[in-house]
Structures are given as structure tokens and as C-alpha cells.
Amino acid sequence: MLHLPKRIATIGSHSALQILKGAKDEGFETICICEKKKVKPYRMFPVADEIIEVDSFKDFLKIEKELIKRDAIVIPHGSFVEYLGVEKIKKLKVDHYGTKKILDWESDRGKQQKWLTRSKIKMPQIFKKPEEITKPVIVKFHGARGGRGYFLANSPEEFYKKIAQHPCERDYVIQEYVVGVPIYVHYFYSRLNDELEIMGFDKRYESNADSIGRVAAADQITANIQTSYTIVGNIPLVVRESMLPYFIKIGERVVAESQRMESPGLFGPFCLEGIVTQDLILTVFEISARIVAGTNPYTNGSPYTCLRYNEPMSTGRRIARDIKQAIERNQLEKVLG
Ligand code: AMP
């Protein structure tokens, strides 16, 4: 017999403000687990009914029993996965929204590639060895926080020259640099009604990639400016309406393939992250199997959720509604994993 959870909890970072606000709007009590040094925003914006302070998010396991006692459901987000790590999350006993099984697929590049390829999603070419570089590539470090340290190269020689500045980095991927506009597609798939929703789109605001165009090419060369991709914020976006059928189709394929891969498959919020090229195809370089920070501009709903709901519906609130509906239908196990 499942107990009825009364509280929604998450760790204070990434999209916590939105998640907690959405949970409150759906009538849940909320808990924010905060690092002492980063607690101020969660006091300034009153979305947490309770704040549990820890010295470090690494102490999360120490407060797990407290969360279980309070009947909490934990909502994972990007920082949650980053701070706890996949293995620790898998061992959590506190209720967890979304399936943990998909974490393996998401964190393993090979598996992610298999998943997307089988979903017939276009991906950038991967160069296994630097010697194979024949076109512009972007070099990404595994676990790099918010794009920090990525660099571009156009040849094996340029790669070796630039990688020498990162002597400690062993784990990286060399990806074809795709020319187009970056687009992050926010989806929500509910197992309860077997429906896929487009929640919104965003583009990232990256330093200095998004400012380098303010400097003339000749000056960029003179000043030896290298492009960097450190994320600073997110910018809301709407796409051409005629592209919506395409974005819906690829989202549906990703969900269907995840169900074939590992029952029960992916559910809740997820995001396809890629570049739309001039032929209007999204080349996907990453999938996030949870809420992304790009949904944060839509705390009060997006231009798309506005069309479906007669109330402000953020992705955080949509998660809380999924949980609430599951409780009402006595199917809570369908949203936990
Ligand atoms: P990521 O950390 O993978 O989300 O990438 C950070 C940023 O790097 C993206 O928002 C894009 O601006 C850029 N980027 C990543 N992969 C590619 C690619 N294959 N081609 C072009 N730009 C990319």
C-alpha cells in the first residue's frame, strides 16, 4: 500500500525555484535542501515551506531519512545529478520522481547515441581520434559544468595545441561543429495519459559565443579571441509554427524508443538539445532526461503551455500536477522510479 506523499523536495540550485513554486501552486508543501553558502535566494523568494541547510550537497544522504519521515518526493534536476552522481541517485530510498533506469542511458555516451540513432535523430559526427579531424570540431570535456572549457579546432595540429592547455582533462568527446542556431526543445511526457506535450523552447546565452559577433573578425584575430561556451543564462524562444509537427514527431520517437530500451521508458520532462541547420533539421548533441534550466524563463507558463492550460503552467508545476493526478488515481508508482 503506497503512502500519500505530502511534500515535494529538491536541492537549491538549477530550477529549484520553479519546481518549488509549481509544487506550491498545486497545493504541496515544499522542502528545499540548500548549501549554507547558497541559501539566500531560497529565503528571498518564498517558495520553500522548509529549508534544510547542509554544508555540502554531498551530505544529501545524511538527510535522506528526514525526507522519508516527511513523506517527501524528490524532484531531480541537472544539478541534483551533478552533485549526487548517478550511482548515489540509484541507491536513494526516498521517493524519486521519474525513472532512475534512464540515468544509465543518459550518462553513457554510447548508450545515448544508440538511443537517439534508433529514434532516427540526426547527431553530429564523432571523431574517435584527433588524427581523424577533417572539419571544424568542438571538443567537450565530460562533466564540464555549463560548457566551461570547450574549444574549437579545425585540424589535428590545432587540437593538440589547444588540448595542451588542459593537461588534467582525459575524458573528452570530439564532435563535428554544426553550423546553425542552437535550440533546446522542452518536452513533457505523462505516463498517466500517454501524451506528449511541448512545454517550450529556449536558447542559451553563452559567453563569449554570444558576444563575439560584436567584435569585427579582424579584431578577433588581432586580440586572439577564442570562442567559449560557458552558459550564463537562458533566452525564451518560439519556433516557426510549421516546424512544430517535426518537433512533436521526434519527441514521440524518443519516448517510444526509450520504452523499447528499458521499461517503463522515459517520462516526465525531457529536452532535446541541438542545432537547427539551414535545412531545418535538428542535429541533437545531447538529451536531458529531466527538467532543464531552459524552462526557467517560463515560471509563469510559456507561449505553448498557455495554449493548453488556462492557468500559468511551468514545467515545475506540470511535474507537481503529474504527481497529484497519480495520487488521485492511486497510481503513484507510475510517476516514481
Ligand atoms: P552542451 O554543454 O553540450 O550543451 O554545449 C554547450 C554549447 O556548445 C551549446 O549550447 C552550443 O552553443 C555549443 N555546441 C555544443 N555542441 C555543438 C555542436 N556539435 N556544434 C555546434 N555547437 C555546439
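Ligands are counted one by one from 1 in listed order, and the atoms in each one are counted from 1 as well.
Between Tyr177 and ligand 1, no pair of N/O atoms sits closer than 3.5 Å. Some N or O of Val178 is nearer than 3.5 Å to an N or O of ligand 1, by distance alone.
A search for side chain to side chain contact (heavy atoms under 4.5 Å, CB included) contacts involving Glu286 returns Gln112, Glu273, not counting sequence neighbours. Qualifying ring-ring contact (aromatic ring centres under 6.0 Å, His included) partners for Tyr172, counting only residues two or more places apart in sequence or in other chains: Phe159.
Classification of the His166-Phe151 ring pair by plane angle, with boundaries at 30° and 60°, yields parallel.
Close contacts between ligand 1 and Glu286 involve ligand atoms 3 (O) [criterion: under 4.0 Å to a heavy atom]. Within ligand 1, the atoms closer than 4.0 Å to a non-hydrogen atom of Glu176 are 18 (C), 19 (N), 20 (N), numbered from 1 in the order shown. Proximity to Tyr150 (heavy-atom distance under 4.0 Å) selects the following atoms of ligand 1: 1 (P), 2 (O), 3 (O), 5 (O), 6 (C).
When Val284, Val179, Ile138 are checked for heavy-atom proximity to atom 14 (N) of ligand 1, Ile138 turns out nearest. For the residues Tyr229, Tyr184, Tyr205, the heavy atom positioned nearest atom 13 (C) of ligand 1 is part of Tyr229.
At a 4.0 Å heavy-atom cut-off, ligand 1 touches Glu206 through the side chain alone.
Within the 3.5 Å criterion, the main-chain N or O of Gln226 finds a donor-acceptor partner in the side chain of Asn208.
Checked by atom type, the side-chain pair Asp49/Thr30 shows a donor-acceptor distance below 3.5 Å.
Aromatic ring centres of Tyr304 and Phe201 lie closer together than 6.0 Å.
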